[in-house]
Every structure is written in structure tokens, then in C-alpha cells.
Amino acid sequence: MRNLLDLTLYELENELNPKFRAKQIYEWIYKKYANSFDDMTNLPKDMREKLSRNFHFEPLKCVRSETSSDKSIKYLFEAIDGSRIESVLLPMKEELTHEDGGIKRHARYTICVSSQVGCRMGCSFCLTAKGGLTRNLTPGEIVGQILWIKKANNIPYERRINIVYMGMGEPLDNLENVAKAVQILKENDGLAIAPRRQTISTSGLASQIKKLGEKNLGVLLAISLHATTDELRTKLMPINKAYNIEAVMQAVREFPVDMRKRVLFEYLVIKGLNDSIKDAKTLVKLLHGIKAKVNLIYFNPHEGSEYTRPDTKTMVEFQDYMSAHGVSCTIRQSKGLDISAACGQLKERSKEDGYERT
């Protein structure tokens with residue numbers, strides 16, 4: 001049985017006769033959050049029965065979730081083949097109301113999604129890398145994470161959210177399926193999440209950055225840099241042996257960027273390793289000529305890691321240096337520290353607890 005979430009609207013139109021039924025189905029799934037084909041009451045009964053025999057649109061089941069005190073929610077999903085992945089709902093701004101009860105500002109959310117079951121990049125600070133790569137996620141399994149989370153949290157379809165491909169896996173190692181997910185998500189008859197609200201993060205696969213640019217999807221690009229020298233970056237991220245810092249920077253310079261946007265550089269700060277002012281100076285030089293924004297990230301410790309979390313004073317000094325030298329720089333406010341926050345932690349804990357699907 002095929003996953004209907006794998007299909008773009010155009011592909012679904014080519015599956016159906018008459019074609020206009022495709023838009024109705026998209027609306028039921030992505031806007032009305034239908035639970036089954038039986039819910040689609042404006043479709044003929046025989047069509048609903050045929051669809052039920054040939055398609056499903058529930059590729060994932062949530063087997064566990066954890067809610068943080070800051071209201072972040074981490075989900076552990078299980079695919080039909082038993083593979084498990086993680087996703088996170090991040091509340092960015094709370095809903096504000098007027099004195100009369102009217103909505104002044106709607107709540108804003110970001111959903112962090114996985115693109116692979118596991119990962120083969122082997123980053124030394126990442127728990128996901130521990131088990132290696134099992135397989136790529138299909139476009140529908142990527143889309144399914146977002147659809148399930150929106151539905152479970154009663155987030156109306158018209159409420160725009162931001163998507164970051166920063167969960168388990170290397171998105172550009174699964175480029176074709178990720179690119180198709182972007183196209184499915186942007187369908188106006190579906191979730192209508194514009195590409196400018198979708199950020200694809202990569203550990204620095206320079207050749208794939210080029211291919212992503214050639215697709216001209218209109219997405220934002222984020223680079224997981226984490227070091228300013230090849231020696232340290234290779235220790236942290238073995239992919240640097242294939243694509244060193246110079247190669248990554250060259251690929252970024254050639255990437256088509258909307259004039260209103262910047263390339264995001266994620267810099268995981270690890271105490272005593274890459275948190276000095278000397279590192280900040282080198283980073284400023286590396287980013288010269290690139291319309292960049294640096295996001296400093298506190299290392300989030302996990303059991304068995306050799307690395308530790310930096311102190312706030314060091315983070316602020318690093319940020320101040322970058323800002324003083326003309327580089328837009330922010331410190332990511334850590335969320336979910338009281339739950340299994342780092343990628344792979346909830347999956348690993350579930351193994352240890354012997355937690356089974358419910």
C-alpha cells in the first residue's frame with residue numbers, strides 16, 4: 001500500500017480521474033486533518049473504497065513524547081517498518097490576546113524534522129551518529145512528521161510555521177526526498193509552508209550544496225560549521241576530510257540567496273575547544289564577503305560524551321566580538337534541557353527502557 005503523502009498534488013492528479021478530486025483529497029488531509037478516507041464525504045463512496053485499498057496517509061505512529069517546562073515537545077515516531085526517528089515542536093512565541101479576548105498575536109512554532117533513520121556523517125558530538133545510517137526517509141515520512149504534530153497540537157492549517165531540517169540525519173545525504181518534501185509542503189492546497197519558511201541544514205556536503213542551489217527551491221541554507229580550523233573540524237566532523245572548510249565556504253558563496261536573507265552558520269560551542277576569542281577572530285575572517293548570520297549553540301551534554309557545555313560569560317564574549325566586527329550573531333536559547341533534548345537521546349532512552357509501540 002502506497003503512502004499518499006509521498007505524492008505532490010500534480011502526481012496525485014495523474015493518479016485520479018477526474019483530476020479535480022486530488023485537490024479535494026489534499027484539502028481533507030492537510031487542511032481538515034482527516035483521519036481516514038471515510039471522512040472525505042464529498043468523494044464518491046466507490047472512490048473512497050478504492051483509495052483505501054491502494055493508499056494510506058499515516059506513515060508514522062508516535063510511540064513516545066516528552067514535554068519540557070518551556071513547552072517544547074520531543075516526539076519519537078515509528079515508521080511502518082519499525083524504524084524510529086525524532087521530531088521536535090518548538091514554541092517560539094506565545095499567543096497574545098487583547099483585553100476583550102481577541103487575538104493580538106497568534107502563537108508561533110518551529111518544527112524540527114528528521115530526514116534519515118540514523119546518520120552516516122559520524123560527528124563526534126552527536127548521539128545520532130552512534131548507530132550509523134539505517135535508511136533515508138521518504139518524502140511522505142518527512143511530511144508526515146509535520147502533519148502529525150500540527151494535528152496533535154490543534155495548530156490550524158492556516159497558521160504558518162517554520163520548518164528546520166535539523167533533526168536526525170544529514171538532509172543533503174537524502175537530497176531528492178528532502179527536495180520533494182519541500183515541494184509537497186509548499187502546495188497551496190496543502191500545508192502551504194513557503195520555502196522561505198523552510199531551512200535545510202547540512203554538515204557541509206559541498207557538492208550537494210551546489211546541487212541544492214541548482215534546484216532553486218527558495219529554501220534557506222544553514223551550515224553546521226562548529227570549528228574554524230580543518231584540524232579541529234575533522235576531529236568533530238569526519239566529513240571535513242572530504243569537504244574541508246575552504247570547499248564548504250566556496251559552495252556557500254555560489255549558493256543562490258534571496259537578497260533579504262542570510263546564510264545561517266550554526267556554531268556548536270564546546271567548552272575549552274572552540275570557544276576562544278581567537279576562534280571568534282578566525283570565524284570573522286572565514287565569513288568575510290558572505291551575507292551570514294552566526295547562531296551560537298550551547299553544547300547539550302549527553303551520557304558518554306567527552307565534551308562539556310560552555311559557560312554563559314564565554315558565549316556572550318564570543319557573541320560580542322562577532323557583533324562588534326560586523327557579523328550578525330545570536331545565541332540560541334536552549335530548549336528542552338529537562339527532557340531528552342539532543343538528537344537521538346529519546347530514541348536511545350527508549351531502547352534502554354524497553355519501550356515498545358503502543
Side-chain angles (χ1 to χ4, degrees), residues 5 30-31 33 65 67-68 70-75 77 85-96 103 105-115 137 139 141-172 174 177-188 190-202 212 215 217-224 255-267 291-297 328-336 341-343:
L5 304 187
Y30 294 112
K31 294 185 177 182
Y33 299 156
S65 66
T67 302
S68 169
D70 63 22
K71 299 182 181 178
S72 302
I73 309 174
K74 170 161 274 195
Y75 298 95
F77 288 114
I85 57 169
E86 297 176 5
S87 311
V88 186
L89 174 66
L90 301 166
M92 308 308 290
K93 292 185 178 180
E94 293 185 351
E95 183 175 276
L96 297 180
I103 302 297
R105 183 188 71 195
H106 289 288
R108 297 178 184 176
Y109 302 95
T110 292
I111 297 178
C112 180
V113 299
S114 294
S115 56
L137 293 182
E141 288 172 327
I142 296 171
V143 172
Q145 297 169 64
I146 299 156
L147 180 61
W148 194 98
I149 290 172
K150 285 198 74 176
K151 184 190 296 188
N153 290 277
N154 299 310
I155 303 174
Y157 85 89
E158 71 272 12
R159 193 79 67 249
R160 299 299 178 250
I161 58 173
N162 294 318
I163 305 299
V164 291
Y165 299 82
M166 297 181 184
M168 297 173 66
E170 161 58 60
L172 296 192
N174 186 20
N177 288 347
V178 168
K180 189 173 182 182
V182 170
Q183 293 173 321
I184 293 170
L185 290 169
K186 77 175 185 179
E187 293 279 7
N188 285 331
L191 291 177
I193 302 172
R196 67 177 182 276
R197 290 185 175 274
Q198 302 186 53
T199 300
I200 294 178
S201 176
T202 176
L212 175 63
K215 289 182 179 294
L217 296 175
V219 296
L220 303 184
L221 178 66
I223 304 294
S224 296
F255 189 82
V257 179
D258 187 309
M259 292 302 292
R260 297 166 296 177
K261 302 295 183 180
R262 298 174 183 269
V263 174
L264 176 64
F265 285 83
E266 300 168 297
Y267 192 88
K291 194 173 183 180
K293 177 181 179 180
V294 174
N295 196 5
L296 302 178
I297 306 168
S328 175
C329 184
T330 58
I331 297 175
R332 180 187 294 177
Q333 296 303 311
S334 299
K335 289 179 176 288
C343 285

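We find the CG-CG distance between L221 and L172 to be 7.5 Å, quoted to the nearest 0.5 Å. In this structure, M166 CE and T110 OG1 are separated by 9.0 Å, a value rounded to the nearest 0.5 Å. Taken to the nearest 0.5 Å, the OH atom of Y109 stands 6.5 Å off from the CG atom of L89. To the nearest 0.5 Å, atoms CD1 (I193) and CD1 (I146) are separated by 5.5 Å. For the atom pair I111 CD1 and Q198 CD, the distance stands at 11.0 Å (nearest 0.5 Å). Going from atom OG of S224 over to atom CD of E170 covers 7.5 Å, rounded to the nearest 0.5 Å.
Under the 4.0 Å criterion applied to side-chain N and carboxylate O atoms, R332 and E266 are assigned as salt-bridge partners.
Contacts of S87 classified as side-chain contact (heavy atoms from CB on, under 4.5 Å), with partners at least two apart in sequence or in another chain: F77, Q145, I149.
Nearest heavy-atom pair, R197 versus N162, reported as atom, atom and distance to 0.1 Å: NH1-OD1, 3.2 Å. Residues A222 and T199 come closest through the heavy atom pair CB-CG2, 3.8 Å. Between K150 and Y33, the closest heavy-atom pair is CE-OH, 3.4 Å. Between S114 and E86 the shortest heavy-atom distance is OG-O, 2.5 Å.
When atom types are taken as modelled, the side chain of D70 and the backbone of S72 share a donor-acceptor pair closer than 3.5 angstrom. T202 contributes no side-chain N or O that, together with a main-chain N or O of I223, makes up a donor-acceptor pair within less than 3.5 Å. With hydrogens and angles ignored, the 3.5 Å screen pairs a side-chain donor or acceptor of N177 with a backbone N or O of L137. S65 places no side-chain N or O within 3.5 Å of a backbone atom of Y75 that could act as its donor or acceptor partner. With hydrogens and angles ignored, the 3.5 Å screen pairs a side-chain donor or acceptor of R160 with a backbone N or O of Y157. A distance-only check finds no donor-acceptor pair linking the side chain of K293 to the backbone of C329 [under 3.5 Å].
When side chains are defined from C-beta on, Q183 counts as touching L217, because their heavy atoms get closer than 4.5 Å. Residues L264 and L220 have side chains not in contact (no heavy-atom distance under 4.5 Å, counting atoms from C-beta outward). Inter-residue side-chain proximity for I184 and V182 is flagged as unmet; no heavy-atom pair is nearer than 4.5 Å. You'll find the side chain of I331 stays beyond 4.5 Å of the side chain of I297, heavy atoms only. Residues V143 and W148 form no side-chain contact, since every pair of their non-hydrogen atoms from C-beta on lies 4.5 Å or further apart.
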Working note: Y30 + L147, criterion side-chain contact (heavy atoms from CB on, under 4.5 Å); need CA distance, chi angles, decisive distance, verdict. CA-CA 7 Å; Y30 294 112; L147 180 61; 4.1 Å; yes
Apply side-chain contact (heavy atoms from CB on, under 4.5 Å) to Y165 and V178, showing your working. CA-CA 9 Å; Y165 299 82; V178 168; 4.0 Å; yes
